[in-house]
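Just below is one structure, and these are the notes that go with it.
In what follows, chains are A, B, ... by sequence order, proteins preceding strands, each numbered from 1. Every value quoted in this text rests on a predicted model; they were computed, and no experiment measured them. Atom set for the values below is all heavy atoms of this structure, side chains included, hydrogens, waters and symmetry mates excluded.
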Protein chains: 2
Amino acid sequence: MTGPDFQTNELIPVIAQNHDDGKVLMLAYMNKAAYEETLQTGTVCYYSRSRQKLWRKGESSGHVQNLKHIYYDCDADAVLVKVEQVGGAACHEGYESCFFREIDPASGAPSIIAQKVFDPEKVYGSQ
Amino acid sequence: MTGPDFQTNELIPVIAQNHDDGKVLMLAYMNKAAYEETLQTGTVCYYSRSRQKLWRKGESSGHVQNLKHIYYDCDADAVLVKVEQVGGAACHEGYESCFFREIDPASGAPSIIAQKVFDPEKVYGSQ
């Protein structure tokens with residue numbers, strides 16, 4: 001076994017973690033082409049399931065992810081990347097992490113536990 | 001939106017992160033029942049895709065994950081749990097983290113970058 005097994009799973013989930021403080025930034029997917037491009041360029045490339053094409057993270061916002069380390073798991077069906085997140089925010093909603101809502105286990109209710117790093121309208125324009 | 005969207009995705013990927021040092025331990029999946037059991041019991045329950053049933057992590061090894069915090073992402077299709085990992089190891093191969101193989105981007109070759117915390121044969125018996 002020499003890396004993630006894209007033969008069994010065409011798409012593999014990828015956890016992006018901030019390399020310096022360990023914050024989990026987002027979860028996305030790679031296919032084999034995205035994985036190989038990431039290794040070759042040192043800039044993280046995902047596969048967008050909704051757009052069905054390679055997704056060069058940051059291509060519109062400039063908020064690219066520079067690859068620091070890349071790992072795969074015991075079953076070869078998940079990947080972890082440690083990255084430098086340019087712009088300080090991975091989430092298209094302007095938060096550092098996409099995981100900005102915490103669930104209260106007792107009630108099941110969410111609450112927002114982070115501050116926005118940028119205003120999405122200023123970065124992406126009105127949508 | 002009041003939590004992960006199990007209507008659109010029957011199974012949602014879940015990142016387990018060590019609550020004290022931020023290490024990413026593993027990636028697994030929850031269905032709605034696993035998610036609800038996790039909230040109710042405070043002990044992490046996944047759904048095993050291979051066994052097609054609820055997977056009470058640690059039920060054979062004793063290495064349960066006590067829930068400290070639970071989050072979901074901007075698209076409501078991924079979950080992050082911060083846990084206390086009993087026994088110090090999440091991986092069935094005896095490592096703290098399932099992500100114990102790092103890829104060298106230049107060669108694509110993996111190398112093991114962690115030490116085993118326990119001997120799987122002693123915990124699970126010979127297999």
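Distance check: Glu84(A) CD to Asn18(A) CG gives 9.0 Å after rounding to the nearest 0.5 Å. The CD1 atom of Ile12(B) sits 10.0 Å away from atom CG of Asn31(B), with the distance rounded to the nearest 0.5 Å. Note: Cys91(A) SG to Asp75(B) CG = 7.5 Å, rounded to the nearest 0.5 Å.
Of the two parts of Gln17(B), only the side chain, counted from C-beta on, holds a non-hydrogen atom closer than 4.5 Å to a non-hydrogen atom of chain A. Heavy atoms of Glu93(A) lying under 4.5 Å from chain B belong exclusively to its side chain.
When the heavy atoms of residues 33-41 of chain B are compared with those of chain A, the residues falling under 4.5 Å are Tyr35(B), Leu39(B), listed by number. Within residues 48-68 of chain B, the residues having any heavy atom under 4.5 Å from a heavy atom of chain A are, by residue number, Arg49(B), Leu67(B).
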Evaluate His69(A) against Glu102(B) for side chain to side chain contact (heavy atoms under 4.5 Å, CB included), listing each step before the verdict. CA-CA 7 Å; His69(A) 297 279; Glu102(B) 181 167 4; 2.7 Å; yes
Contacts under 3.5 angstrom, residues 108-119 of chain A side chains, donor-acceptor by atom type, not counting sequence neighbours:
residue: Asp119(A); atom: OD1; partner: Glu121(A); partner atom: N; Å: 3.0

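Phe6(A) and Val44(A) fall within a single hydrophobic cluster, where Ile, Leu, Val, Met, Phe, Trp and Tyr are joined by side-chain heavy atoms under 4.5 Å apart, directly or via other members. The cluster map of Ile, Leu, Val, Met, Phe, Trp and Tyr, joined by side-chain heavy atoms under 4.5 Å apart, puts Val14(B) and Tyr72(B) in the same cluster.
Phe99(A) pairs by the ring-ring contact (aromatic ring centres under 6.0 Å, His included) definition with nothing, not counting sequence neighbours.
For the pair Asp21(A)/Glu96(A), a side-chain contact is recorded, criterion being any heavy-atom separation below 4.5 Å from C-beta on.
No donor-acceptor pair under 3.5 Å is formed between the side chain of Asn9(B) and the backbone N or O of Leu11(B).
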